[in-house]
Amino acid sequence: MKRTLYLFIATFLTILGIGTGCTKKDGLTHITLAEVTHSIFYAPQYIALEKGYFKDEGLKVNVITTPGADKTMAALLSKEAQIGLMGPEASVYVYNGGEKDYAINFAQLTHKDGSFLLAREEMPNFSWNDVKGKTIIGGRKGGMPEMTLEYVLKKAGLEVGQNDPSKEVNVRTDVNFDVMAGVFTAGQSDFVTLFEPSASQVVRNGIGHIVASIGESSGEVPYTCYSSLKSYMEKNGAVLKAFTRAIQKGIEFMLESSMEEIVLALAPSFLSSDATEIENVVNNYQKIKVWNKDLALKKESYERLIEIITLAGELKEDAAPFDQIVNNAFVQ
Amino acid sequence: MKRKISSLADFKKEKRRKKGWILFTQISLLVLFLASWELLARLNVINAFLVSKPSDIWNLFFIYLKNGEIFRHMKVSLLETLYGLIIGTGLGIIIGVILWWFPTMSKVLDPFLVVLNALPKTALAPILIIWAGTGMKGIVVVAISLSIVITILSSYHAFISIDKEQIKMMKTLGANKWQILTKLVLPANVPNLINIIKINIGMAWVGVIVGEFLVSREGIGYLVVYGGQVFKLDLVMMGVFILGILALLMYLLLNGVEKYFRTYRYHGRRKKK
């Protein structure tokens, strides 16, 4: 009995020791970054890691993938991670939920929705009116991809039904993000919205064709941003500035380098994709100008984000004010 | 100090007393847990945004109860679970019987079954759903996939561990294989089969929730996914609570069936005497 107790205490202390023993041994500031998914959509970040831009700024960044904005936000709130990469709508929900130590966005990584609309046939002269009477697999209700799709459809003057074929266009919200490509491949529905690399994979297999970009049609939206808790931001301004500078360099590399250099730099972070796939994906994203040198989050694009969420019916209260959710002071 | 038990009435009284005490402890443990959760959340010791708190969950449950939404979600999940449970257990037991009937076949299939049982079924769920189709069918298939292999293995092992002497005696008395199965193997294994069903209740629920996470437009799993999407952690916790209560109800129902069956069998035998 006594022995079990000692064993228990020893194990506990060991775990505690592992948990606390990792700050500034090599003169670098260690931070943990929680990313919402591991995707070429966030290429500048992996460039910064691979090319040592973070190290140049005195940072050692440990990236953890926390699939889904809710898990990423949970990693931030539980202080497991100091910086989160996710859609700023998460911070809006948290702020409206009454959390006092909420997350504030300090740099914008992607300026547009990164999903594409795929059809079964090639449609060279596609317009949004072509989806009339059709079914689109659109992602989960309340998720940013689905809400942005709805926004685009409504802006095109279409009557949108969720899982309701009687409306002008039927958006299916029953299929989860990770099985959307599979369900479309299995022959269900006329259209599907997919992120990369699923979109390129489906195209390569000849099952679907990219006919439109949701991001291009919706206009500029702060789609994925870096955020940290208010309490962390107040004390670690220098760290966040250094972090933002490294990301800035990553974006410059993406915009100014040749495709070969980009593919070479990204390959170690995306081992399951071959060079052709990385090239296709980067091409698709550069075409719609997902990355932009300006990391500041503009008020007008924030307002578009709020409009999208409100139009989807997920925001009943007054939206969180721009200057509470966003702080552009760390972008130089 | 132990009380002296001198008569059957005393024994029954003591048994009742003990039963009451266990129930009392169970309820007070639950109340203590909920009260400390509420208290810690109110005192901001734990983050109420991340873990919610019982009063918020209750209020939300009341809203869902009032507009009747909750019954729709409960009905769908319950139906899927029942289908998964009945098909998974039934098919599993039938296959178990077939394996018992053909010993060579069971020897051939044994390694395959063991490997199948070790496969991470929840990780294969996305593929299963694409094969079986979206909607209720896919979810039920996931629920079946979780319970069927373990049902086959455990029912088969229960069937072959019947006393060889008893089988030999039935054979000497001229019984055929069908009679051995229906008069000896199956009746003797009813407690084992009820145990299998108990385990499968949990398996079927896990399967249904995993399935609903992937494709669904209603159900408890859908509520949990939606709550996560829009950061309503109260909704997530409410889903988890309802899940627990439904699983408990199914378990109690089965316990009742088991008890009824036992007393029925007991009385049945006594009458014959």
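Residue numbers begin at 1 in each chain, while the letters A, B, ... track the order of the sequences. Scope of the values below: all heavy atoms of this structure, side chains included, with no hydrogens, waters or symmetry mates.
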Look at [options] and state which one has the largest set of heavy-atom pairs under 4.5 Å with chain B.
{"options": "Val175(A), Val183(A), Asn163(A)", "result": "Asn163(A)"}
{"options": "Gly68(A), Ala69(A), Gly187(A)", "result": "Ala69(A)"}
{"options": "Glu99(A), Gln162(A), Met144(A)", "result": "Glu99(A)"}
{"options": "Asp178(A), Thr185(A), Asn176(A)", "result": "Asn176(A)"}
{"options": "Met180(A), Lys141(A), Arg140(A)", "result": "Arg140(A)"}

Let me know if [X] has heavy atoms under 4.5 Å from chain B in its side chain, its backbone, both or neither.
{"X": "Val92(A)", "answer": "neither"}
{"X": "Asp101(A)", "answer": "neither"}
{"X": "Ser78(A)", "answer": "both"}
{"X": "Gln188(A)", "answer": "side chain"}

Which region of [X], side chain (C-beta onward) or backbone (N, CA, C, O), has a non-hydrogen atom less than 4.5 Å from a non-hydrogen atom of chain A, or is it both or neither?
{"X": "Glu218(B)", "value": "neither"}
{"X": "Tyr222(B)", "value": "side chain"}
{"X": "Val236(B)", "value": "neither"}

Note to self: Using the rule given for salt bridge (Lys or Arg N to Asp or Glu O under 4.0 Å), can you reason through Lys154(A) versus Glu159(A), listing the C-alpha separation, both sets of side-chain angles and the distance that settles it, and then say yes or no?
What the structure shows: CA-CA 7 Å; Lys154(A) 282 174 185 162; Glu159(A) 199 192 356; over 6 Å; no
Next item on the list: Flag the pair Asp174(A) and Arg172(A) as a salt bridge only when some basic side-chain nitrogen lies within less than 4.0 angstrom of an acidic carboxylate oxygen.
Entry: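 Answer for the salt bridge query: yes.
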Item checked: Partner chain A: residue of Leu214(B), Leu233(B), Ile127(B) with the largest heavy-atom pair count (under 4.5 Å) -> Leu214(B)
Next item on the list: Using a cut-off of under 4.5 Å on heavy-atom pairs, state which of Pro126(B), Gly135(B), Ser216(B) scores highest against chain A.
Entry: Ser216(B)
Check: Given Ile64(A) and Thr32(A), is the side-chain contact (heavy atoms from CB on, under 4.5 Å) satisfied, shown in steps?
Finding: CA-CA 7 Å; Ile64(A) 54 171; Thr32(A) 301; 3.9 Å; yes
Check: Would you find a donor on one side and an acceptor on the other, under 3.5 Å apart, between the side chain of Asn67(B) and the backbone of Glu69(B)?
Finding: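 Yes, the answer is positive, given that a donor and an acceptor are paired below the 3.5 Å cut-off.
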Note to self: Below 30° counts as parallel, above 60° as perpendicular, anything between as tilted: where do the rings of Phe41(A) and Phe195(A) land?
What the structure shows: perpendicular
Notebook entry, point to check: Any chance the side chains of Thr89(B) and Asn200(B) put a donor and an acceptor closer than 3.5 Å?
Noted result: yes
Next item on the list: Show your reasoning for whether ring pair (Phe, Tyr, Trp, His ring centres under 6.0 Å) applies to Trp21(B) and Phe24(B).
Entry: CA-CA 5 Å; Trp21(B) 194 80; Phe24(B) 173 76; 7.6 Å; no
Notebook entry, point to check: Between Phe184(A) and Arg120(A), is there a cation-pi geometry (under 6.0 Å to ring centre, at most 45° from the normal)?
Noted result: yes
Item checked: Chi angles and distances behind the side chain to side chain donor-acceptor pair (under 3.5 Å) call for Ser55(B), Glu38(B) -> CA-CA 7 Å; Ser55(B) 59; Glu38(B) 180 81 30; 2.8 Å; yes
